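Report on the following structure.
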Amino acid sequence: MKVLITGAAGQIGGAIAREFEPCHRVIGLGQRELDITDHASVTRVVQSERPDVVINCAAYNDVEAAEDEALTALQVNAFAVGSLARAAREAGAALVHFSTDFVFDGETTRPYVETDPPNPRSVYAASKLLGDWFAAELPRAYVLRVESLFGPCGAKGGRKSSVDRIIAAIQAGAEARVFVDRVVSPSYAVDVAATTRALVERGVEGGLYHCVNSGFCTWLDLGLEIVRLLGAPCTLVPVRTADVPLRASRPRFSALSNAKLARVGLAMPSWQDALARCLAARVG
Ligand SMILES: NC(=O)c1ccc[n+]([C@@H]2O[C@H](COP(=O)([O-])OP(=O)(O)OC[C@H]3O[C@@H](n4cnc5c(N)ncnc54)[C@H](OP(=O)(O)O)[C@@H]3O)[C@@H](O)[C@H]2O)c1
């Protein structure tokens with residue numbers, strides 16, 4: 001299978017490339033090789049490469065800055081996905097696109113399922129939801145919602161995810177501020193990549209899937225599990241959402257149910273299991 005990855009230098013992009021490379025022909029393009037907002041380049045590259053699947057790992061992910069840069073967020077997270085979906089359709093390729101828990105408002109007490117109505121509360125969230133809709137116009141599109149990504153080795157170019165920052169702080173014996181009132185279903189990039197590959201290879205029916213590790217936790221629970229696994233002194237500082245002024249609204253309860261994936265034979269490991277493997281890979 002020929003696999004074209006956009007945003008290949010990002011956290012998921014790197015994990016996806018490593019997952020597919022052993023058995024497939026991978027063309028991994030970073031932003032410098034292919035700016036997905038350049039419609040003509042997207043069309044030209046997809047037409048000339050004629051991949052079997054396009055995996056879009058590119059995104060504008062700065063949730064706070066998006067409040068001021070709505071147009072850029074929309075261009076990368078929404079309209080560019082429309083270009084990729086059109087190009088994939090014309091080349092007869094499938095499309096994989098990644099979405100977010102932020103499309104929900106978080107005003108619930110049970111994990112969201114794929115049929116729950118979204119209600120984005122920030123510019124970033126609205127731009128991502130539009131991207132989901134553009135991708136879904138393609139029958140062979142997998143829209144995979146992930147959240148609170150971590151791993152595989154803390155390598156994310158120069159940037160680090162929130163989970164990676166907490167791990168690094170605990171390892172350094174430094175304070176790590178963690179929310180006690182935000183609930184998430186963390187996603188290990190390695191597991192997301194393996195599931196993506198299985199979906200594509202098995203030709204599972206396209207559609208929207210919540211692709212997160214099983215279970216959910218507060219950020220404090222997550223921090224405590226890292227402390228336990230590392231056997232490190234606890235340097236966690238519990239904070240409440242109201243104590244941290246943020247411009248963009250975040251969902252308070254954004255656990256996602258991955259039962260739909262389990263129904264197609266792709267049960268995801270628990271977040272605790274994923275965290276243990278991630279930490280073992282770092283020290284090993
Ligand atoms: N990280 C999370 O916790 C999280 C949570 C929910 C959903 N997601 C979704 O998961 C997906 C992957 O996220 P990630 O954490 O792997 O993101 P990431 O590490 O920030 O990587 C995104 C990549 O996209 C590239 N990019 C930005 N604008 C581009 C453009 N116009 N053309 C081509 N490439 C461009 C970036 O390049 P530069 O580095 O050069 O800017 C970066 O390499 C995204 O769809 C994201 O919205 C992530």
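Because only heavy atoms are used, hydrogens play no part in the values below, and waters and symmetry mates are left out as well, while side chains stay in. FYI, the numbering just counts along the sequence from 1. We count ligands from 1, going down the list as the structure has it; atoms in each ligand are counted the same way. Remember, it's a predicted structure, so these values are computed and weren't measured experimentally.
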Ligand 1 contacted by [X] (non-hydrogen, < 4.0 Å):
| X | result |
| --- | --- |
| S161 | no |
| G30 | no |
| L29 | no |

Quick check: does any side chain N or O of [X] sit under 3.5 Å from a backbone N or O of [Y], one acting as donor and the other as acceptor?
| X | Y | value |
| --- | --- | --- |
| D38 | D35 | no |
| S214 | M268 | yes |
| Q47 | R44 | no |
| R121 | P251 | no |
| S185 | L256 | yes |
| T37 | A80 | no |

Would you say the side-chain atoms of [X] and [Y] include a donor-acceptor pair closer than 3.5 Å?
| X | Y | value |
| --- | --- | --- |
| Y60 | Q75 | no |
| D273 | S270 | no |
| D164 | Q11 | yes |
| N258 | H210 | no |

Identified ring-ring contact (aromatic ring centres under 6.0 Å, His included) partner of Y112 from the options F253, F216, F104: F104
Within the structure, does [X] bring an N/O atom to less than 3.5 angstrom of an N/O atom in ligand 1?
| X | result |
| --- | --- |
| F98 | yes |
| T100 | no |
| N61 | yes |
| I12 | yes |
| D35 | yes |
| A59 | yes |

query: Relative to the heavy atoms of A58, which atoms of ligand 1 are at a distance of less than 4.0 Å?
result: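 The list of qualifying atoms is 24 (O), 33 (C), 34 (N), 35 (C).
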Contact atoms of ligand 1, heavy-atom distance to K128 under 4.0 Å: 44 (C), 45 (O), 46 (C), 47 (O)
Once you restrict to heavy atoms under 4.0 Å, what part of [X] touches ligand 1? Side chain, backbone, both or neither.
| X | result |
| --- | --- |
| A80 | neither |
| L34 | backbone |
| A8 | neither |
| Y124 | side chain |
| E147 | backbone |

Given [options], which one has a non-hydrogen atom that is nearest to [atom]?
| atom | options | value |
| --- | --- | --- |
| atom 26 (N) of ligand 1 | Q75, Q31, R32 | Q31 |
| atom 7 (C) of ligand 1 | A9, S99, G14 | S99 |
| atom 23 (C) of ligand 1 | G13, A15, C57 | C57 |
| atom 10 (O) of ligand 1 | V146, T37, V163, D62 | V146 |
| atom 43 (O) of ligand 1 | G10, C211, A189, S162 | G10 |

- prompt: Are L129 and V143 connected in the hydrophobic side-chain network, where two residues link if heavy atoms are under 4.5 Å apart?
  reply: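 Shared cluster, no.
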statement: Between A88 and A94 the two heavy atoms that sit nearest each other are CB-O, 4.4 Å
